[in-house]
Amino acid sequence: MGAQQSKSEPVIFYNQNVPLQFSQGLVDSLETRTKSAPAASSQQVRPEEVEERVRERVAEELKRVQEKQEEINQRVYSDMAKKNIDNDQNSVVLGADINNMIEKIKRTPAKAIPAEIAERQEALVVCYKNNESRPLDCWKEVEAFKASVAKAQKTFVAAYQ
């Protein structure tokens, strides 16, 4: 009927020193594995599938990195916001201090320079311009200017006593 015998005998392998004997179940199991192995190798992953898997993994990694970066950005922004609030409060205080200093420093408007001091000052400037290389030659004009300023100071102090 069939090409195979209904009852198979065990396969015996002889070694020079020791005879080896395998059961029929083991031989059948190995034969079925060898028959199915080429089928498994024919089911190799196609390059498109590999590329798709790589893209998926890259996309997952990119998403993870972006989430981590977003978390870091949020922390940095919150820290900066806290510092800006502190700086805003400091700048308000600083602005008030500056305005107070300006009010303290404000003086009454300067009065007109007396005519005698203005004349002596003009004579001193002309002397310096004429003697650029020898400014010490203007010592007379300097003394006259200093004397007129001292006189005006005495007058000013005497007026407020």
Inset, instruction - Sort out for me which residue in E60, E61, Q66 forms a side chain to side chain donor-acceptor pair (under 3.5 Å) with R64. - result: E61
Legend entry - Sequence-distant partners of E71, salt bridge (charged side-chain N to carboxylate O under 4.0 Å, His left out), two or more places apart: R75
Legend entry - Pairing residues for R57 by the salt bridge (charged side-chain N to carboxylate O under 4.0 Å, His left out) criterion, not counting sequence neighbours: none
Inset, instruction - Using side chain to side chain contact (heavy atoms under 4.5 Å, CB included) as the criterion, point out the one residue from R53, R55, E49 that pairs with E51. - result: R55
Legend entry - Closest non-hydrogen atom pair, A118 against I113: N-CG2, 4.0 Å
Inset, instruction - Please report the shortest heavy-atom distance between E132 and K129, naming the atom on each side. - result: CG-O, 3.4 Å
Inset, instruction - Not counting sequence neighbours, list each pair that qualifies as a side chain to side chain donor-acceptor pair (under 3.5 Å) and has a residue in residues 133-144. - result: R134-D137
Inset, instruction - Not counting sequence neighbours, which residues clear ring-ring contact (aromatic ring centres under 6.0 Å, His included) with Y128? List them please. - result: none
Legend entry - Enclosure of I117 CD1 (heavy-atom neighbours >12, cutoff 6.0 Å): yes
Inset, instruction - Not counting sequence neighbours, which residues clear side-chain hydrogen bond (donor to acceptor under 3.5 Å, both in side chains) with E67? List them please. - result: none
Legend entry - Counterpart residues, side-chain hydrogen bond (donor to acceptor under 3.5 Å, both in side chains), relative to E56 (two or more places apart): none
Legend entry - Test item: T32 side-chain N/O and D28 main-chain N/O as donor-acceptor pair under 3.5 Å: yes
Legend entry - Spacing of E119 atom CD and F145 atom CZ [to the nearest 0.5 Å]: 12.5 Å
Inset, instruction - Kindly compute the distance separating CD (E116) from NZ (K151), expressed to the nearest 0.5 Å. - result: 4.5 Å
